[in-house]
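Working notes, beginning with the structure itself.
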Number of protein chains: 2
Amino acid sequence: MYSGGMPSDLPALLGDLITVNHRLTRVAAHAADSRESPAVWRTLSVLRQLGPIRLGEIAARSRISQPTATKLVAHLVERGWAARLADPLDARVTSTVITAAGNAALSAWRSELAEALLPMFDGLADAELATIRNAVDILRERLDGSEVPVERVPTAAVTTARVPASEPGRPAGARA
Amino acid sequence: MYSGGMPSDLPALLGDLITVNHRLTRVAAHAADSRESPAVWRTLSVLRQLGPIRLGEIAARSRISQPTATKLVAHLVERGWAARLADPLDARVTSTVITAAGNAALSAWRSELAEALLPMFDGLADAELATIRNAVDILRERLDGSEVPVERVPTAAVTTARVPASEPGRPAGARA
DNA sequence: CCACTGTACATAGCTTGGCTATCTATGTCC
DNA sequence: GGACATAGATAGCCAAGCTATGTACAGTGG
């Protein structure tokens, strides 16, 4: 639990990280405009960041299943926040792009969220802010860099071919 | 407080923080392959940390609604990971405690999670680890400290002087 | 003592994000 | 052309979250 002064205990740190993470998620859920869900914003972020992108890659990047990505994108399209493009080279593919409205909505959400969270982070010293910023950068880098980089997750079959020699203890099937 | 540092675009930082947070949540969901959900572990963490605790406080701490807390606790009790205690002073109240099994399950989850995440955080420099650890501590402090204005006198009267709590299964006071 | 208001939790019913399993359509390779 | 692989869609399920409401108890004023 309280890791206050335990140095170098990576497992404990990761546990704490995830726990704090979950708590932050709840706070954000309260703070943000609750008419839309976290998944919507997360997906919009992916779209904004990666431009026209295939469904499968959205799923891989977001660490969600392909059907879930389909559902989310459908919702975004309904909302007018995303649009789908047929791929001239492959008729199976429809890429998704964020629209101007989507961009605006995402920015608005970020502002709103920030404003709502401000009181909670008011009075942080610059050094503390820098620490958080650095941590965010480190985590983002790891999230981007670590596995599932360009490779897509197999649809349903069991595949061990994509492991880039970095996943020793992964049950391979997620929730089977 | 160290005034005059970098401009610190706080809104942007908060947006990034939450976005990274959501992505991490997905990663954790994949990594900790347990058949239990984040909410379960989050609730168990609260129970472990705060000992016998009322439903309402679980809800407040977790930033979830009271009915959701009821549901989660019911699930935990079913699982044998939590037990409920009648309050001898107020028959409306039933406090909840984590059981030994719950404690073990929580610890096991944390280990499992840590192991699964290790590859992702492999090769981090000590300084980077320290940064993350500090950020976690800062965030936790803010999460604890700015505990949603529950429009109530801060804890004090409620959280103190409960049942000895050494034996979770024992009601400690025959209720009429 | 009895109503009356407030509090702590339970129940009902809904929405949404997530999953697996499966299907269709298209691409690719022999 | 036929066999297999791949991209995405559809169906159906469960969990976590919510609001609204109900129920039992606590505390108070008459």
Side-chain angles (χ1 to χ4, degrees), chain A residues 22 25-30 32-43 53-60 62-79 84-96 151-159 161-162 171 173-176, chain B residues 22 25-30 32-43 53-60 62-79 84-96 150-153 157-158 175-176:
Chain A
H22 285 156
T25 296
R26 294 304 310 146
V27 169
H30 270 222
D33 176 288
S34 51
R35 283 179 307 256
E36 292 295 338
S37 59
V40 164
W41 306 120
R42 187 195 57 216
T43 308
I53 181 177
R54 296 156 161 238
L55 250 181
E57 282 211 39
I58 294 176
S62 305
R63 264 83 169 192
I64 59 181
S65 67
Q66 170 261 309
T68 299
T70 296
K71 223 190 271 184
L72 288 170
V73 166
H75 180 68
L76 290 180
V77 170
E78 251 179 44
R79 268 275 197 262
R84 314 205 60 179
L85 310 173
D87 188 322
L89 301 177
D90 189 334
R92 295 168 301 176
V93 173
T94 49
S95 294
T96 305
E151 208 81 37
R152 57 247 177 276
V153 173
T155 313
V158 196
T159 301
R162 74 185 167 84
R175 307 171 63 101
Chain B
H22 285 158
T25 297
R26 294 304 309 146
V27 169
H30 269 223
D33 174 39
S34 86
R35 279 141 297 286
E36 293 296 337
S37 58
V40 164
W41 306 120
R42 186 195 60 217
T43 308
I53 182 177
R54 296 160 162 234
L55 249 180
E57 283 212 37
I58 293 176
S62 305
R63 262 82 167 198
I64 59 181
S65 68
Q66 171 260 308
T68 298
T70 297
K71 220 191 271 185
L72 287 169
V73 166
H75 180 69
L76 291 180
V77 170
E78 247 179 46
R79 268 277 195 265
R84 314 204 59 177
L85 309 173
D87 188 319
L89 301 177
D90 189 335
R92 295 168 302 176
V93 174
T94 48
S95 294
T96 304
V150 202
E151 62 195 61
R152 191 206 308 195
V153 187
V158 185
R175 198 207 137 220

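Lettering of chains follows the sequences in order, A, B, ..., and the numbering in each one begins at 1.
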Check the distance between [N]'s [atom2] and [X]'s [atom1] and give it to me in whole angstrom.
{"X": "A:K71", "N": "D:dG12", "atom1": "NZ", "atom2": "P", "result": "12 Å"}
{"X": "A:R63", "N": "C:dG17", "atom1": "CZ", "atom2": "C1'", "result": "18 Å"}
{"X": "B:I58", "N": "C:dA8", "atom1": "CD1", "atom2": "P", "result": "14 Å"}
{"X": "A:I64", "N": "D:dA7", "atom1": "CD1", "atom2": "P", "result": "16 Å"}
{"X": "B:R54", "N": "C:dT7", "atom1": "CZ", "atom2": "P", "result": "12 Å"}
{"X": "B:E36", "N": "C:dG18", "atom1": "CD", "atom2": "P", "result": "18 Å"}
{"X": "B:E78", "N": "C:dA10", "atom1": "CD", "atom2": "P", "result": "14 Å"}
{"X": "A:L76", "N": "C:dT16", "atom1": "CG", "atom2": "P", "result": "13 Å"}

Taking only the side-chain nitrogens and oxygens of [X], find out if one of them lies under 4.0 Å from OP1 or OP2 of [N].
{"X": "A:R26", "N": "D:dC18", "answer": "yes"}
{"X": "B:S65", "N": "D:dG17", "answer": "no"}
{"X": "A:R84", "N": "D:dA9", "answer": "yes"}
{"X": "A:R42", "N": "C:dG18", "answer": "yes"}
{"X": "B:H30", "N": "C:dC19", "answer": "yes"}
{"X": "A:T68", "N": "C:dC19", "answer": "yes"}

Can you tell me how far the [atom1] atom of [X] sits from the [atom2] atom of [Y], to the nearest 0.5 Å?
{"X": "B:H22", "Y": "A:T43", "atom1": "NE2", "atom2": "OG1", "result": "11.0 Å"}
{"X": "B:L76", "Y": "B:R79", "atom1": "CG", "atom2": "CZ", "result": "9.5 Å"}
{"X": "B:L55", "Y": "B:L72", "atom1": "CG", "atom2": "CG", "result": "9.5 Å"}

**Message:** Looking at every heavy atom in both A:A59 and A:A69, which two are closest together, and how far apart are they?
**Reply:**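 Between these two residues, the closest heavy atoms are CB-CB, 4.0 Å.
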
**Prompt:** Hey, is the side chain of A:Q66 pairing donor to acceptor with the base of D:dA7 inside 3.5 Å?
**Reply:**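 No, no donor-acceptor pair under 3.5 Å.
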
**Message:** At 4.0 Å (heavy atoms only), tell me whether B:P67 reaches a base, stays on the sugar-phosphate, or touches nothing.
**Reply:** base

**Message:** For A:T94 and A:R84, which I'm curious about, is there any donor-acceptor pair between the side chains at under 3.5 Å?
**Reply:** yes

**Prompt:** If you find the nucleotide of DNA chain D closest to B:R92 and the one closest to A:D90, which residue's nucleotide is nearer the 5' end?
**Reply:** A:D90

**Asked** Taking for each residue the nucleotide of DNA chain C bearing the nearest heavy atom, is the 5' side occupied by A:P88 or by B:T94?
**Response**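 Checking each residue's closest nucleotide, the 5'-ward one belongs to B:T94.
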
